[in-house]
Asks: 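A single structure is presented below for examination.
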Number of protein chains: 2
Amino acid sequence: MTDSIPTEELFQNAGVRATQARTAIMDYLVESGTHPNTEELNAALAEKGLKIPAATLYQNLEKLTSAGLLIRFASSDGQVRYDANLAHHHHMICTVCHRVADIRIANPLSSLAIFDARTGDPVLRWTFENAEIELKGRCPDCAGT
Amino acid sequence: MTDSIPTEELFQNAGVRATQARTAIMDYLVESGTHPNTEELNAALAEKGLKIPAATLYQNLEKLTSAGLLIRFASSDGQVRYDANLAHHHHMICTVCHRVADIRIANPLSSLAIFDARTGDPVLRWTFENAEIELKGRCPDCAGT
DNA sequence: GTTTTTGCAAAACCTTTGCAGATGT
DNA sequence: ACATCTGCAAAGGTTTTGCAAAAAC
């Protein structure tokens, strides 16, 4: 785990101005470690007393994403989500409480036994670049229920 | 590979009427083995001379999905896509030509070495249900370029 | 003949854009 | 002071809804 760099400094290094809305968005994503969509993000900030207009929110998310301070991705349900964890990682999603945990999978891609789903033949002639893996299951709190 | 069941029969078993648009959608997805979004699907059917209004297309995709004849999923770019391959499988996407291949991964979930991306600790206390894996790389045709 | 589906038009929804005033550097 | 950002209003694109005519069973 890396030491956290102050948000101000992050913004300065990236050439992005430190405005109230922007700082709040970034801080929330870093501190909560969550992966909200715009609606969830807006709700979370509203609870903290910060109402950000839709246009401003979208503009900031675009800015922070293109500046490389956030990652934008889509979960398998199609929701566009934002993530302050820039290191390559995967997600594990609780099917009960929908908690999302960031995970690292140590197995190398080359250890995967990949077959063509139609023919059953091994898939040999592709070159692999990366994988996005979404695991679903029950988190410790929900596993017992 | 299972033998293909006639579309008419599939519809009858699922209690879904066999209309022209619906049959064309289903046949196209089965025959092409592709995973189009609505726009691509509409374009493909238009090329075959079948122009389906947006409302009808959406209604049919919803009907076929809820009847269990199609699977709806979102690729990591956020596009909602439809798939007539009902067997559990994953996708491998060419980063050059965007071809999508259906793949099966033989390794059991339990063989994955999963660590918490924040703490580095092994993730032990979750129960796993399934995984959605999207591999990216280059297909045989594009690997050489 | 009854129920479902089509396909038009309208509505709802999410995201982007234009721009004047406010804010950050 | 200058460039950027905010936030309102308006536009754009996609998906859903209402409903009368058409088609399927």
Side-chain angles (χ1 to χ4, degrees), chain A residues 6-29 35-46 48-82, chain B residues 6-28 35-46 48-75 77-82:
Chain A
T7 308
E8 268 184 31
E9 203 173 315
L10 274 180
F11 285 175
Q12 221 157 38
N13 294 344
V16 164
R17 288 191 177 173
T19 68
Q20 189 191 26
R22 199 169 284 172
T23 305
I25 291 168
M26 196 70 199
D27 283 349
Y28 175 74
L29 286 170
H35 310 73
N37 59 22
T38 51
E39 191 187 343
E40 292 162 351
L41 180 53
N42 217 9
L45 295 172
K48 295 185 154 194
L50 197 69
K51 271 174 261 177
I52 303 179
T56 302
L57 184 65
Y58 281 107
Q59 285 162 171
N60 277 323
L61 289 171
E62 168 57 27
K63 189 91 190 178
L64 293 171
T65 301
S66 62
L69 297 174
L70 291 182
I71 287 174
R72 193 201 321 249
F73 71 100
S75 48
S76 62
D77 60 1
Q79 293 291 306
V80 174
R81 298 180 178 280
Y82 294 87
Chain B
T7 307
E8 267 185 32
E9 203 173 316
L10 274 179
F11 285 175
Q12 222 157 35
N13 294 344
V16 163
R17 287 191 179 173
T19 69
Q20 189 191 26
R22 196 169 284 170
T23 305
I25 291 168
M26 195 70 199
D27 283 348
Y28 174 74
H35 309 73
N37 59 21
T38 51
E39 191 188 343
E40 292 162 351
L41 180 54
N42 216 10
L45 295 173
K48 294 185 154 194
L50 196 67
K51 271 174 262 177
I52 302 179
T56 302
L57 184 64
Y58 282 106
Q59 285 161 174
N60 278 323
L61 289 171
E62 168 57 27
K63 188 90 193 178
L64 293 172
T65 300
S66 62
L69 297 174
L70 291 181
I71 287 174
R72 193 202 321 252
F73 71 99
S75 48
D77 58 2
Q79 293 291 307
V80 174
R81 297 179 178 283
Y82 294 87

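Note on naming: letters A, B, ... go to the chains in the order of the sequence lines (proteins, then strands), and numbering restarts at 1 for each one.
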Asks: Measure the distance from NZ on A:Lys63 to P on D:dT6 and round it to the nearest whole Å.
Replies: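 Computing the A:Lys63:NZ to D:dT6:P distance gives 10 Å.
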Asks: Given atom CD of B:Glu62 and atom C1' of C:dT4, what is their separation to the nearest angstrom?
Replies: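 About 15 Å, once rounded to whole Å.
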Asks: Taking CG from A:Leu64 and P from D:dT4, how many angstroms apart are they, rounded to a whole number?
Replies: 16 Å
Asks: Specify the closest pair of heavy atoms between A:Tyr28 and A:Pro36, including all atoms of both residues, with the distance to one decimal.
Replies: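 A:Tyr28 and A:Pro36 have their closest heavy atoms at CE2-CG, 4.3 Å.
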Asks: From NZ of A:Lys51 over to P of D:dC8, roughly how many Å is that when rounded to an integer?
Replies: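 It works out to 11 Å between those atoms.
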Asks: Quick one: side chain to side chain donor-acceptor pair (under 3.5 Å) pairs with a partner in residues 8-23 of chain A, sequence neighbours left out?
Replies: A:Arg22-A:Asn60
Asks: Looking at residues at least two apart in the chain, or sitting in another chain, which of them share a side chain to side chain contact (heavy atoms under 4.5 Å, CB included) with B:Leu10?
Replies: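 By the side chain to side chain contact (heavy atoms under 4.5 Å, CB included) rule, B:Leu10 matches B:Ile5, B:Met26, B:Leu69.
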Asks: Just how far is it from atom OH of A:Tyr82 to atom CG of A:Leu61, taken to the nearest 0.5 Å?
Replies: 4.5 Å
Asks: Each nucleotide in nucleotides 18-25 of chain D should get exactly one letter: B, S or -. Can you fill that in based on protein heavy atoms under 4.0 Å?
Replies: -----BBS
Asks: For A:Gln12 and C:dT25, give me the distance from atom CD to atom P, rounded to whole Å.
Replies: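 Result: 7 Å.
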Asks: Ignoring backbone atoms, establish whether A:Asn60 has a side-chain N or O less than 4.0 Å from OP1 or OP2 of D:dC5.
Replies: no
Asks: Answer yes or no: is there a donor N or O on one side and an acceptor on the other, between the side chain of B:Arg81 and the main chain of B:Phe73, under 3.5 Å?
Replies: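 Not confirmed, B:Arg81 side chain does not pair with B:Phe73 backbone.
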Asks: OP1 or OP2 of C:dC14 less than 4.0 angstrom from a side-chain nitrogen or oxygen of A:Asn37, does that happen here?
Replies: no
Asks: Round to the nearest Å and state the distance from A:Glu40 atom CD to C:dC14 atom P.
Replies: 13 Å
Asks: To the nearest Å, give me how far apart CD1 (A:Ile52) and C1' (D:dG7) are.
Replies: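 Rounded to whole Å, this separation is 11 Å.
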Asks: Is the shortest heavy-atom distance from the side chain of B:Leu41 to the side chain of B:Ile52 under 4.5 Å?
Replies: no
Asks: Which whole-number value in Å describes the distance from A:Leu57 CG to D:dC8 C1'?
Replies: 15 Å
